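This structure is a prediction, so every number in the text was calculated from the model and none was measured. Note that ligands are numbered from 1 as they come in the structure, with each ligand's atoms numbered from 1 the same way. No hydrogens, no waters, no symmetry mates; every other heavy atom, side chains included, goes into these values.
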Amino acid sequence: MKIMKFGGTSVGSPLRMNQVLDLITSDNTPKIVVLSALSGTTNALVNISNAIAEGDRKEAQHKIQELEAHYRRFVNELVQTESGKQKANAIVSEHFEFLNIILKISFSEALNKDILAQGELLSTKLFCVFLEEKAIDHVLLPALEFMSIDANGEPQIGSIKVKLSQLLQQYQAKKLFITQGYICRNSKGEVDNLKRGGSDYTASLVAAALNAEVCEIWTDISGLHNNDPRIVEKTVAVEHLSFDEAAELAYFGAKILHPACIWPARSYNIPVKLLNTMEPKAAGTTIAQTAMSIGVKAVAAKDGIISIRIKSSRMLLAYGFLRKIFEVFEKYKTSIDMITTSEVAVSVTIDDPTYLHQIIKELEPLGNTDTETDQTIISIVGNEIVKSNDILKKIFNSLENIPISMVSYGGSPHNISLLISSKDKKTALQLINYGVFGL
Ligand code: ASP
Ligand code: MG
């Protein structure tokens, strides 16, 4: 079994859906195709939901109408036959009627999740009408029947495995399955999701549950690049990454992959391939157990970072100081990304500002705090990178004129991270591209 996941841009136009069709029918391997919502849809649904939450029903209604018009145009171009158009339009009607009914109900978190689920429900159902029109045998597997998370929002891989296998057993002669990315049920049985960008996560969970031979993530770029191609001119695709390297890169800002999607693939040792719908012949990136080589592979940048320095005159020779600090972050469920310490001060970074105010207030009794927003973590990643003897020299030489406020070295053997001001990010990435990658 092979898993193929297509992101929003890969299904974002009728032309792209035709390309997806070519890709999924190019060989006879049994496959599960995981689809995202059409590009722009989830953002539109978030806006609709926000408008409803704010009580602005007029605005919400207007946005629903706009989105519906987009889908009407889309299906008209996607499907050619009269009966196909009828079916597709009936699906669009069903989902937009649902959204219009929601306008009349009072807002809740559960309702929000229902709204957000419409994108993947629409994309998969419409794609199936399209397949039917092309006479391609397939089965739509409803993700809400097998994908689930527990009370902590963690996927229940055991139960996913059982339910998915049971579902598949009903269709033993079939080879092509379509399912929704992103959406799932929570511990209360309500519709929920795996967070933004979660379709990758769905794909790797499905791959793990079925012990698939490969999990292919199809996007609009040929694999993971050594640097951000939106910012830096010359970048190259990285052919091989280990799960460790990929996890560091995804977590520290490489936009190509949902960070959580690494662990299921790693646990079940399933190679993940990052491929390009527009350039299907390109090698892309293969993520597997071994790194294939040692040394620097790529750099990623994570924005929206806040640094907090806590300075205590009493930390000198004091124990328990770090614990007290960490407890404050734990209490507010805010995870720390980077940390550096000296005898009298501790600096940490966080990326979630939700409880910043409360955290600072509770840290006050422990020492003076200094908060800096608009920071960026630059992570240079590569297998055993900390062991290469000239890497630090190269990094610091390239960034000679960029103020660096934190450095993290040695925490992971595969990652060296620096904290800089976000306004210096572009220059820093360019300088590293030249000085570290020689590009
Ligand atoms: N449609 C969802 C989003 O835009 C999930 C995904 O595309 O991965 O976040
Ligand atoms: Mg995505």
Side-chain angles (χ1 to χ4, degrees), residues 3-13 16-17 19-20 32-50 63-64 66-67 70-71 74 91-92 95-96 98-99 109 112-128 140-144 146-149 153 155 160 178-186 191-208 215-221 224 246 249-251 253-265 272-278 287 304 351-352:
I3 313 303
M4 298 174 86
K5 178 258 168 178
F6 294 90
T9 37
S10 302
V11 290
S13 71
R16 292 300 205 91
M17 277 202 178
Q19 287 166 331
V20 172
I32 297 194
V33 175
V34 177
L35 299 185
S36 287
L38 312 193
S39 51
T41 297
T42 310
N43 284 342
L45 293 169
V46 168
N47 292 336
I48 289 167
S49 193
N50 287 345
K63 287 187 171 2
I64 293 172
E66 250 178 23
L67 191 62
H70 175 70
Y71 275 84
F74 189 94
I91 291 164
V92 175
H95 288 275
F96 282 90
F98 174 78
L99 287 173
E109 202 34 53
N112 172 42
K113 303 283 174 59
D114 267 323
I115 296 172
L116 297 183
Q118 300 309 306
E120 272 69 13
L121 292 170
L122 274 161
S123 66
T124 47
K125 288 187 192 177
L126 294 175
F127 188 67
C128 285
L140 176 62
L141 295 176
L144 297 178
F146 63 86
M147 199 43 91
S148 60
I149 51 174
I160 296 168
I178 314 295
T179 193
Q180 296 89 16
Y182 178 60
I183 61 173
C184 61
R185 287 201 187 272
N186 61 27
V191 173
D192 210 319
N193 61 60
L194 300 173
K195 311 257 164 69
R196 293 306 305 273
S199 295
D200 296 345
Y201 201 9
T202 303
S204 86
L205 288 164
V206 169
C215 176
E216 296 180 351
I217 309 280
W218 290 82
T219 61
D220 51 1
I221 172 166
L224 186 140
L249 285 167
Y251 185 73
K255 285 286 171 317
I256 193 156
L257 201 64
H258 188 292
C261 103
I262 307 290
W263 76 259
V272 176
K273 284 192 170 184
L274 308 177
L275 298 160
N276 187 352
T277 320
M278 310 254 272
I287 307 168
D351 63 1
D352 178 0

Evaluate Gly197 for polar contact with ligand 1, using N/O atom pairs at a separation under 3.5 Å. yes
Nearest heavy atom to atom 2 (C) of ligand 1: which of Lys195, His258, Glu120 does it belong to? Glu120
Can Asp200 and Lys5 be counted as an ion pair, charged N to O under 4.0 angstrom? yes
Polar contact flag, side-chain donor to acceptor under 3.5 angstrom, Gln180-Thr124: yes
Mind checking whether Ser36 has an N or O less than 3.5 Å away from an N or O of ligand 1? yes
Under a 4.5 Å cut-off applied to non-hydrogen side-chain atoms, are Ile178 and Leu141 in contact? no
Does the residue Gly198 have a heavy-atom contact with ligand 1, meaning some pair of atoms that are separated by less than 4.0 Å? yes
Flag Asp200 as yes when one of its N or O atoms lies below 3.5 Å from any N or O atom of ligand 1, and as no otherwise. no
Is there a side-chain hydrogen bond (donor to acceptor under 3.5 Å, both in side chains) between Tyr71 and Thr41 once you walk through the steps? CA-CA 10 Å; Tyr71 275 84; Thr41 297; 2.7 Å; yes
Of all the atoms in ligand 1, which lie at a distance below 4.0 Å from a heavy atom belonging to Ser199? 5 (C), 6 (C), 7 (O), 8 (O)
Are any of the N or O atoms of Arg196 closer than 3.5 Å to those of ligand 1? yes
Assess the side chains of Lys125 and His95: does a donor N or O sit below 3.5 Å from an acceptor N or O? yes
Do the side chains of Gln118 and Phe96 get nearer than 4.5 Å, heavy atoms only? no
